[in-house]
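To start, the structure under review is shown below, and the notes come after it.
Numbered from 1 within each chain, the chains take letters A, B, ... in sequence-line order.
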Amino acid sequence: MSTRKLISSTSKKSIHFHKIPPTILNSLIWADKNETQSSNPSLTPKNPSILATNLIKSYSESGQIIEARTLFDEMPERDVVAWTAMITGYTSFHYHTHAWRLFVEMAGTAAVDPNEYTVSTVLKACRSMKSLLYGTLVHGLALKRGLEGSLYVDNALMDMYATCCDCMDSAWMVFKGIKVKNDVSWTTLITGYTHIGDGYGGLRVFRHMILEEVKLNPYSFSIAVRACASTCWLVFGKLMHAAVTKHGFGSNIPVTNSILDMYCRCGCLSEANQYFHGMSEKDLITWNTLIAGYERSDSSESLNIFSRMESEGFSPNSFTFSSVIAACANLAVLRCGQQVHGGIIHKGLDRDLALANSLIDMYAKCGNISDSQKIFSDMLHRDLVTWTSMMIGFGSHGYGKEAVVLFDEMVRSGIRPDRIVFIAVLSACSHAGLVDEGLRYFETMVGKYNIKPNQEIYGCIVDLLGRAGRVNEAYRLIQSMPFKADETVWGALLAACKAHRLADLGKFAARRVLDLRPNMMGAYVMLSNIYAAEGKYKEFAKIRKMMRRMGNKKEVGKSWIEVKNQVYSFVVGDKMGSHTEHIYVVLDLLNGNMKEAGYVPDLDCLVNDLEGGS
DNA sequence: TTAGGGTTAG
């Protein structure tokens, strides 16, 4: 019930009750119950509990959760509805721990029993806390009280299992047990599959939903389109787009936003752009979807769209900033990133965990590791992504020891490492020459954390050993792998062979890479360089000829730098641009300094350069 | 007769 409705049922006067202190309201509400004289008899309701519960809701809806709790605490009698309203107030305010504590208090000490309303609400809190343990306890309680069978409880149980812990088996069990399923049951199941990234699973359920002739609504369509987007298969996406139009949901914003997202995720940016311009109504999510879509493949355009969004009067939120910061990181445009950071602070979003994580990444990629560190150390709460981003930053800046120290600190803080953070720390060890530390982490990963190494992890270890000159050991590791090494693992060995001039093993590794990826020009370049270093110019020429025949499509290495708000990009041997002369003067100066410091250039690379490679 | 559900952007 809204505040307005509440007032009309109690008094004709237009009073905003949530603006009155709860203590005064409570004394008025319970006045006749306590047999005392009310100062305003027109406010005295027939059932004070109903009015107090309505006020708890009213306070919660207006963001006054402390006032709601004060009112709740001062109620002389609290029925199950009052308890549930207060728990709901906490969940709608994202105070899930408070909601859980109140539920425990209710179940343990209060004279009232939780009912289906209470259970479905508290399951939402369990899901948001990602606590399978609490969720399972509530499931047990629901069974004990015979509440399983209520569609609200069953749907909330499915949602909890599917969304909080990816337990799709348990979600399925609950789903199968529902005798008469409704559209929410089906939608919740599709959401579960989409949540774990199984778009095909979601689409199978959607198909089943159609076969069972369940009435389709915007909820089911938007999640089904999201499932299509997860598969990245445009054919499904276009079929779904047609179905949306046919069912008359072509103007529903969540549905159209998910179609826009689908085109972006399928890599069809021109279709996405066309669709975006044809949309009759756009909201902030529409803009955020397009910005995020462009960030993944054309970061520069993503920043242009952000600028257009602001000029059209939309105010960015944390989702917008997250994509824009990622775009700045991809482009390594420090000044732009700093300006966006200013906008984040201005909006009061600098405590947003995901944003702080992306800022750590952005500053590191823009070369400013000290600002990454500052954000990291100022953070009150850190998650696995925070630690991983900081470790990747340290690793890419050559601070291997700092990354190792951070990893140990993270484990001490109670965060369980995953495969990605191991890749971060192993890569940092590799670049800093910390071979023994890296090998120790590899053993810990397998032995202590039971994480099975994948191609990427093996690639890191081969790189770690290879860079340190332990190339034969790296080769033995590849031979001992439980699955066939892919081109990245062989590529790491090839790079090590080239660096340490192991021609035979290098040629072998290059062949393995080219067996798996015949178009990998980098491998041809390395192979030809190995032949050149051996003085086998006939073999060298043969490879180069082969490369020319294939079109020599090795992507040219590109560098860029931001000076006074402008980005300058250049490739090897570039003579373009107005500042070329100055750049070459500085380059000559640097070359002189390096030679004085004892640097001997690698002439093998010169062969590559002459051929117009990277 | 006061409390409850599923969708889209990182």
Closest listed nucleotide, where the reference is the side chain of A/E116 and the choices are B/dT2, B/dG4, B/dA3: B/dG4
A/A227: which residues meet the side chain to side chain contact (heavy atoms under 4.5 Å, CB included) condition with it, sequence neighbours left out? A/T194, A/L203
Whole-Å distance separating the CD1 atom of A/I223 from the P atom of B/dG5: 18 Å
Just jot down the side chain to side chain contact (heavy atoms under 4.5 Å, CB included) partners of A/N317, sequence neighbours excluded, or say none. A/L284, A/N288, A/F319, A/T320
Just compare B/dT8, B/dG4, B/dG5 and give me whichever is closest to any side-chain atom of A/N182. B/dG5
Can you identify which nucleotide, out of B/dG6, B/dT8, B/dG5, has its nearest atom closest to the A/N217 side chain? B/dG6
Please pick, from B/dA9, B/dG5, B/dA3, the nucleotide with the shortest atom-to-atom distance to any side-chain atom of A/D261. B/dA9
Those residues at least two apart in sequence (or on a different chain) that pass side chain to side chain donor-acceptor pair (under 3.5 Å) with A/H195 are none
Let me see the working for A/R145 and A/D113 under salt bridge (charged side-chain N to carboxylate O under 4.0 Å, His left out), right down to the final yes or no. CA-CA 9 Å; A/R145 299 211 180 282; A/D113 291 330; 3.6 Å; yes
Length of the line joining A/N257:CG and B/dT8:C1', which is rounded to integer Å: 5 Å
Under 4.0 Å, heavy atoms only, any strand: does A/E295 hit a base, just the sugar-phosphate, or nothing? nothing
Taken in chain and number order and not counting sequence neighbours, the residues that satisfy side chain to side chain contact (heavy atoms under 4.5 Å, CB included) with A/S372 are A/I360, A/Y363, A/A364, A/I369, A/M390
Is it the case that the base of B/dT8 and the side chain of A/S258 share a donor-acceptor contact (distance under 3.5 Å, atom types as modelled)? no
Counting side-chain heavy atoms from CB outward, which of B/dG10, B/dG4, B/dT7 is closest to A/R265? B/dG10
Aromatic contact between A/F221 and A/H247, with the criterion being ring centroids under 6.0 Å apart: yes or no? yes
Base of B/dT2, side chain of A/N54 - is there a donor-acceptor contact under 3.5 Å? no
What pairs meet the salt bridge (Lys or Arg N to Asp or Glu O under 4.0 Å) rule with one or both residues in residues 240-252 of chain A, with sequence neighbours excluded? none
Sorted by chain and residue number, the side chain to side chain donor-acceptor pair (under 3.5 Å) partners of A/S185 (sequence neighbours excluded) come out as A/N155, A/N182
Crowding at CD1, A/I345 (>12 non-hydrogen neighbours, <6.0 Å): yes
Please identify each residue that fulfils side chain to side chain contact (heavy atoms under 4.5 Å, CB included) with A/C268, with sequence neighbours left out. A/L234, A/Y263, A/C266, A/E271
How is A/N252 classified with respect to the nucleic acid when contacts are heavy atoms under 4.0 Å: base, sugar-phosphate, or nothing? nothing
Using the six-membered ring for Trp and the full ring for Phe, Tyr or His, decide whether A/Y152 stacks on the six-membered base ring of B/dG5 (centres under 5.5 Å, planes under 30°). no
Which whole-number value in Å describes the distance from A/D79 CG to B/dT2 C1'? 8 Å
For the pair made of CG in A/N155 and P in B/dT7, what is the distance, rounded to whole Å? 11 Å
In this structure, how many angstroms lie between the C1' atom of B/dA3 and the CD1 atom of A/I65, rounded? 13 Å
Which residues in residues 352-362 of chain A have at least one heavy atom lying under 4.0 Å from any atom of DNA chain B? A/D352, A/A354, A/L355
Under 4.0 angstrom, heavy atoms only, what part of the nucleic acid is A/L260 near: base, sugar-phosphate, or nothing? nothing
Regarding A/I285, tell me which of base, sugar-phosphate or nothing describes its non-hydrogen contacts under 4.0 Å with the strands shown. base
Side chain to side chain donor-acceptor pair (under 3.5 Å) filter on A/S299, not counting sequence neighbours, yields A/N330
When the distance from CG of A/L157 to P of B/dG5 is rounded to whole Å, what number comes out? 15 Å
Can you confirm whether A/I420 is buried at CD1, in the sense that more than 12 heavy atoms of other residues, nucleotides or ligands lie under 6.0 Å from that atom? no
Using a cut-off of strictly less than 4.0 Å between a heavy atom of the residue and any atom of DNA chain B, enumerate the qualifying residues of residues 118-148 of chain A by number. A/S120, A/T121, A/K124
Taken to the nearest whole Å, CE/A/M262 to P/B/dT8 is 15 Å
Winner on side-chain proximity to A/Y117, out of B/dT8, B/dG4, B/dA9, is B/dG4
A/T163: side chain to side chain donor-acceptor pair (under 3.5 Å) partners, not counting sequence neighbours: A/D159
So what does A/T320 hit on the nucleic acid, given a heavy-atom distance under 4.0 Å: a base, only sugar-phosphate, or nothing? nothing
Picking from B/dG6, B/dT2, B/dG10, which would you name as closest to the side chain of A/S318? B/dG10
Using the side-chain heavy atoms of A/V81, tell me which of these nucleotides is nearest: B/dT8, B/dA3, B/dG10. B/dA3
Phosphate OP1/OP2 of B/dA3: any A/R78 side-chain N/O under 4.0 Å: no
Using a strict heavy-atom distance below 4.0 Å, which residues from residues 87-104 of chain A are in contact with DNA chain B? A/T88
Can you say whether a donor on the side chain of A/T188 sits under 3.5 Å from an acceptor on the base of B/dG6, or the other way round? no
Atom CG of residue position A/D378 - does it have more than 12 heavy atoms of other residues, nucleotides or ligands inside 6.0 Å? yes
